[in-house]
A.B. asks: 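Have a look at this one.
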Amino acid sequence: MVVIGGGVVGASVLYHLTKAGWKDVLLVERAELTSGSTWHAAGGMHTVNGDPNVAKLQQYTIQLYKEIERISGQSCGVHITGGIMLAGTRERLDWLKMAKARGRYLGMELEIISVDEAARLFPLMDKKHFAGAMYDPIEGHVDPYGVTHAYAKSAQIGGAEIVRHTRVTDLKARADGSWDVITDQGNVHAEHVVNAAGLWAREVGRMVGLELPILAMEHQYLITGDMPELAGEKEQLHAIDFEGEIYIRQERGGMLMGTYERAGVPWSPVTTPWDFGQDLLPNDLERIAPSLEVGFAHFPALGAAGIKKVVNGPFTFAPDGNPLIGPIKGLRNFWVACGVMAGFSQGGGVGLALSRWMVDGDPGADIWGMDVARYGDWTTLAYTNAKVRENYSRRFRIRFPNEELTAARPLRTTPIYEKLKAEHAVFGDYCTLEHPLWYAPSAAQAHDEVSFRRSNSHPHVGAECLAVRDGVGLLEISNYGKFDVRGPGAAEWLGRVMANRVPAVGRIALTPMLNERGKLIGDFTMCRVSQDRIFLIGTYAAETYYLRWFERHLPPAGVSVRPCAMEYVGLSVAGPKSRTLLQGLVRDDLSSAAFPFMSFRRMEIGMVPGYVGRVSFTGDLGFEIWVTSEYQRALYDLLEAAGRAHGLKLFGGRALNAMRVEKSFGTWAREYRPIYGPFEAGLGRFVDFKKEAFIGRAAAAEEKDSGGALRLLGFRVDATDADAIGDEPIWHDGKPVGWVTSGAFGHRVGASLALGYVPAALAAAMSGFEIEIIGERHRATRLAGAAFDPTGGLMRA
Ligand SMILES: Cc1cc2nc3c(=O)[nH]c(=O)nc-3n(C[C@H](O)[C@H](O)[C@H](O)COP(=O)(O)OP(=O)(O)OC[C@H]3O[C@@H](n4cnc5c(N)ncnc54)[C@H](O)[C@@H]3O)c2cc1C
């Protein structure tokens with residue numbers, strides 16, 4: 001096994017592989033260790049991350065330093081100073097309260113403190129600029145050189161080999177899936193290759209025909225002259241000032257201050273020069289002057305101390321700022337561990353997850369937020385450039401739950417985009433596809449006022465929900481993921497990959513997809529078109545993730561799986577009047593007797609050929625209509641014209657979300673993730689144990705017997721002006737016991753609702769629950785079933 005790259009990430013991967021028991025492992029480094037971003041990093045580390053699963057891996061990384069110091073005898077230069085995050089606005093304080101709440105169920109001891117308390121802990125700040133702060137005892141910094149060498153030495157002690165001054169120049173796949181690693185010092189034959197080439201990860205990717213969505217940005221920090229304020233024994237805390245978009249910490253007798261400026265500049269946007277090594281880039285203080293100005297006003301002593309040194313170095317980012325790790329669809333035994341922008345908080349967790357994946361076939365944790373497969377082939381170089389610049393400039397900005405980012409938009413649109421825009425649709429960006437979130441009454445109102453609380457879209461989303469529940473609504477569903485599974489072995493193969501039985505021709509079945517550990521790695525709708533063809537519907541964001549899994553399990557012949565994301569686009573009509581509306585346009589009998597719930601059939605809708613499924617994610621009587629994209633405009637016109645007589649109203653993704661929460665329907669990446677089993681998630685009835693073999697069967701049977709460790713529950717929350725959005729703690733009898741996965745206002749039932757997991761021991765508890773929303777605990781009444789139509793009678797009617 002060969003790891004390419006001896007930065008902090010490659011060294012961590014190497015260490016973790018030896019720890020997992022692999023001995024025949026080699027790291028190849030083109031210069032000295034740390035010769036990319038690593039050597040000039042500021043070395044800061046912290047546990048807080050917007051994704052709780054990434055936060056867990058950050059906690060792990062920080063705890064690991066003691067272990068590698070002990071094994072290697074190499075100091076990591078760990079300084080745990082504690083840190084404060086300073087809020088200058090009420091919104092930021094709300095954000096901190098939410099971060100603190102998330103930290104509760106992760107076991108983090110975060111504390112919201114007053115400005116006075118913050119100033120006592122961090123006397124360099126000028127109180128007048130701030131509204132409050134959050135204190136985190138586990139923050140600090142390390143020595144980047146020390147950490148990398150501690151990983152490397154520990155790996156060598158574990159049996160790894162490291163060669164320096166050797167550049168990998170090419171990679172050639174052999175027919176058996178192994179690799180010839182071509183270097184300027186000779187070749188190595190390896191069973192597995194890991195691309196941990198940091199600043200050159202793109203170049204190494206290109207050796208195997210891969211364009212990884214990463215881009216390096218220039219990043220500057222400065223170190224002040226010595227300051228009399230720092231003469232004491234105790235080291236200053238780390239601090240993040242969100243308004244100034246800066247981070248600061250003590251560096252010997254002065255302070256180090258770095259900034260993620262708005263006008264960030266990409267470095268080497270197309271190719272990274274091979275002769276760049278332990279180099280720095282020319283300073284450009286002009287560019288960060290606005291941040292420095294705020295910084296010196298907020299921390300006046302720093303301004304007085306003068307600037308002793310400036311560092312400008314490049315490091316890489318993925319479009320969303322999270323790492324890219326895992327195996328690559330279409331390539332055997334090729335792994336990536338790159339795009340790691342916070343190597344000293346995340347490097348350990350990245351190494352752990354990747355090594356488990358390589359050794360056990362599974363990352364062992366929920367790393368969806370870091371999985372390279374969260375990106376599809378829509379990440380062009382220019383797209384990545386626009387999104388990375390946006391992400392960099394927003395590093396310390398709040399992302400509100402209803403905030404849609406604007407870079408690289410609009411990129412992909414469906415044929416009815418302009419028509420929906422003319423109806424005042426407010427669009428969201430879903431994997432670069434524009435899809436309607438809600439409809440405003442006028443063009444002037446067609447925008448989101450960002451907020452953690454119910455916002456300007458609330459009443460309009462409410463009107464959309466009621467129109468569906470009482471009459472009929474029209475939703476664009478093109479942003480679902482679709483796969484065409486064909487061949488004489490298609491049904492048998494799907495029966496093995498999916499937990500539920502494959503439906504009969506003309507029928508639909510919902511199914512979880514499980515990994516060998518019996519955990520949820522997907523949820524699908526299987527629509528049986530014919531004996532040897534199944535139209536599979538799932539989550540579009542996970543298309544590459546699913547394809548990678550399918551590819552691993554496909555037989556050599558007899559089955560083909562084709563993603564047909566934008567080839568088939570769709571519209572759904574839902575609500576009690578949807579049948580009457582659609583019946584007027586098709587020759588087929590849509591009565592429940594002739595076309596019952598969960599039927600699927602090719603139909604002609606007027607002149608438009610398509611497939612119609614009798615199913616709706618809103619939980620109403622409803623139909624999903626799939627057509628090839630050239631027909632979508634005609635289909636829309638037809639439905640819209642016929643719908644006028646029935647009061648048809650357009651509805652968007654926000655209303656859909658509210659209605660599926662009202663029905664307690666889960667969704668991928670929220671209720672369904674690889675940390676949950678099907679019985680925990682309430683999907684047990686979709687696991688067919690009558691089948692003798694399917695992936696995850698044994699583990700699922702065990703979970704069925706034991707009941708699993710967790711339980712997904714639904715709640716009605718006594719919330720006032722803000723609903724749960726996800727990741728809020730669930731309390732029981734005064735203790736945080738679980739977390740929310742989704743929340744919304746249920747407009748039909750007139751209540752704030754939430755779904756979330758609690759320990760299985762509380763599965764029978766009917767009272768004593770609370771949900772914390774923006775720092776306030778609200779009584780949460782456990783629901784016995786779905787809030788809306790718990791018997792499901794309406795959708796079957
Ligand atoms: C100014 C600055 C400040 C920063 N501050 C912080 C901070 O406070 N906290 C934090 O966590 N992170 C910080 N970072 C980010 C941090 O540096 C990165 O997250 C981290 O270094 C990424 O490590 P890596 O191993 O992925 O990549 P790199 O460090 O780039 O390592 C890649 C290695 O691969 C080698 N290589 C590449 N191609 C080949 C090849 N073909 N053959 C052989 N070898 C090859 C390179 O020589 C290099 O040594 C900062 C970065 C900068 C620039």
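Counting starts at 1 for both ligands and their atoms, following the listed order.
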A.B. asks: In the protein, which heavy atom is nearest to atom 18 (C) of ligand 1, and how far is it?
C.D. replies: Val340 O, 3.5 Å

A.B. asks: Just need the protein heavy atom nearest to atom 14 (N) of ligand 1, so name the residue and atom and give the distance.
C.D. replies: Ala41 CB, 3.7 Å

A.B. asks: For Asp279, look at atom CG and say whether over 12 heavy atoms of other residues, nucleotides or ligands are found less than 6.0 Å away.
C.D. replies: yes

A.B. asks: Heavy atom under 4.0 Å from ligand 1: found in Trp274's side chain, backbone, both, or neither?
C.D. replies: side chain

A.B. asks: Would you indicate which of Glu32, Met217, His40 comes nearest to atom 53 (C) of ligand 1 when only heavy atoms are counted?
C.D. replies: His40

A.B. asks: N/O to N/O below 3.5 Å, does that happen between Met207 and ligand 1?
C.D. replies: no

A.B. asks: Would you check if there is a donor-acceptor pair between the side chains of Gln346 and Tyr60 at a distance under 3.5 Å?
C.D. replies: no

A.B. asks: Does NZ or CZ of Arg167 come closer than 6.0 Å to the centre of the six-membered ring of Trp274, within 45° of the ring's axis?
C.D. replies: yes

A.B. asks: Check if Ala31 has a non-hydrogen atom at a distance under 4.0 Å from any atom of ligand 1.
C.D. replies: no

A.B. asks: If you count the non-hydrogen atoms of other residues, nucleotides and ligands that lie under 6.0 Å from CD in Glu191, is the total more than 12?
C.D. replies: no

A.B. asks: For Arg102 and Ala55, indicate whether the former's side chain and the latter's backbone hold a donor-acceptor pair under 3.5 Å.
C.D. replies: no

A.B. asks: Does Lys66 NZ have over 12 foreign heavy atoms under 6.0 Å away?
C.D. replies: no

A.B. asks: Where is the nearest protein heavy atom to atom 43 (C) of ligand 1: which residue, which atom, and how far?
C.D. replies: Arg30 N, 3.2 Å

A.B. asks: Counting only heavy atoms not in Glu109, do more than 12 fall under 6.0 Å of its CD?
C.D. replies: no

A.B. asks: One thing to verify: whether Arg395 and Glu245 come together as a salt bridge, which I'm taking to mean a side-chain N less than 4.0 angstrom from a carboxylate O.
C.D. replies: no

A.B. asks: Please say whether Ala337 places an N or O atom under 3.5 Å from an N or O atom belonging to ligand 1.
C.D. replies: no

A.B. asks: Would you say ligand 1 has an N or O under 3.5 Å from any N or O of Ile4?
C.D. replies: no

A.B. asks: Does Gly6 have a non-hydrogen atom less than 4.0 Å from ligand 1?
C.D. replies: yes

A.B. asks: Only heavy atoms of Ser35, strictly under 4.0 Å: list the atoms of ligand 1 that pass.
C.D. replies: 47 (O), 48 (C), 49 (O)

A.B. asks: Below 4.0 angstrom from a heavy atom of Leu199, which ligand 1 atoms are there? Numbered from 1 as shown, please.
C.D. replies: 30 (O)

A.B. asks: For the residue pair His79 and Glu235, confirm or rule out a side-chain donor-acceptor distance under 3.5 Å.
C.D. replies: yes

A.B. asks: Atom 31 (O) of ligand 1: which protein heavy atom is closest, and how many Å away?
C.D. replies: Gly7 CA, 3.5 Å

A.B. asks: Indicate, as side chain, backbone, both or neither, the part of Met341 found under 4.0 angstrom from ligand 1 when only non-hydrogen atoms are considered.
C.D. replies: backbone

A.B. asks: Enumerate the atoms of ligand 1 whose separation from the nearest heavy atom of His219 is less than 4.0 angstrom.
C.D. replies: 1 (C), 2 (C), 3 (C)

A.B. asks: Distance under 4.0 Å to a non-hydrogen atom of Ala197: what atoms of ligand 1 satisfy this?
C.D. replies: 32 (C), 34 (O), 37 (C), 38 (N)

A.B. asks: Using a 6.0 Å cut-off, check whether atom CD of Glu293 has over 12 heavy atoms from anything other than its own residue.
C.D. replies: no

A.B. asks: When you measure from atom 29 (O) of ligand 1 to every protein heavy atom, which one gives the shortest distance, and what is it?
C.D. replies: Thr38 OG1, 2.5 Å

A.B. asks: Ser12 side chain to Val8 main-chain N or O, any donor-acceptor pair under 3.5 Å?
C.D. replies: no

A.B. asks: Considering Phe344, Phe315, Trp39 one by one, which has a heavy atom nearer to atom 10 (C) of ligand 1 than any of the others?
C.D. replies: Phe344

A.B. asks: Please list every donor-acceptor pair under 3.5 Å in which a side-chain atom of residues 157-164 meets a protein atom from a residue at least two apart or in another chain.
C.D. replies:
from	atom 1	to	atom 2	distance (Å)
Arg164	NE	Glu32	OE1	3.4

A.B. asks: For Phe242, I'd like to know if atom CZ has over 12 heavy atoms of other residues, nucleotides or ligands within 6.0 Å.
C.D. replies: yes

A.B. asks: Where is the nearest protein heavy atom to atom 28 (P) of ligand 1: which residue, which atom, and how far?
C.D. replies: Ser37 N, 3.5 Å

A.B. asks: At less than 4.0 angstrom from any non-hydrogen atom of Val9, what atoms of ligand 1 do you find?
C.D. replies: 23 (O), 24 (P), 25 (O), 26 (O)

A.B. asks: Does ligand 1 have any atom sitting under 4.0 Å from a heavy atom of Arg167?
C.D. replies: yes

A.B. asks: Flag the pair Phe315 / His40 as yes when their ring centroid distance falls below 6.0 Å, and as no otherwise.
C.D. replies: no

A.B. asks: Heavy atoms only, cut-off 4.0 Å: how does Pro314 contact ligand 1, side chain, backbone, both, or neither?
C.D. replies: backbone

A.B. asks: Distance to 0.1 Å, residue and atom name: give those for the protein heavy atom nearest to atom 49 (O) of ligand 1.
C.D. replies: Glu29 OE1, 2.7 Å

A.B. asks: Which atoms from ligand 1 have a heavy atom of Gly44 less than 4.0 Å away?
C.D. replies: 7 (C), 8 (O), 9 (N), 10 (C), 11 (O)

A.B. asks: Write out the residue and atom name of the closest protein heavy atom to atom 4 (C) of ligand 1, then the distance separating them to 0.1 Å.
C.D. replies: Ala42 N, 3.3 Å

A.B. asks: Below 4.0 angstrom from a heavy atom of Gly313, which ligand 1 atoms are there? Numbered from 1 as shown, please.
C.D. replies: 53 (C)

A.B. asks: Got a sec, which residues hit side-chain contact (heavy atoms from CB on, under 4.5 Å) with Asp320, two or more places apart in sequence or on another chain?
C.D. replies: Ala318, Asn322, Arg374, Tyr375

A.B. asks: Above 12 or not: heavy atoms from other molecules or residues under 6.0 Å from CZ of Arg399?
C.D. replies: yes

A.B. asks: I'd like to check whether Leu33 has a polar contact with ligand 1, where a contact means an N/O of the residue lying under 3.5 Å from an N/O of the ligand.
C.D. replies: no

A.B. asks: Short list, please: which atoms of ligand 1 are under 4.0 Å from a heavy atom of Thr166?
C.D. replies: 43 (C)

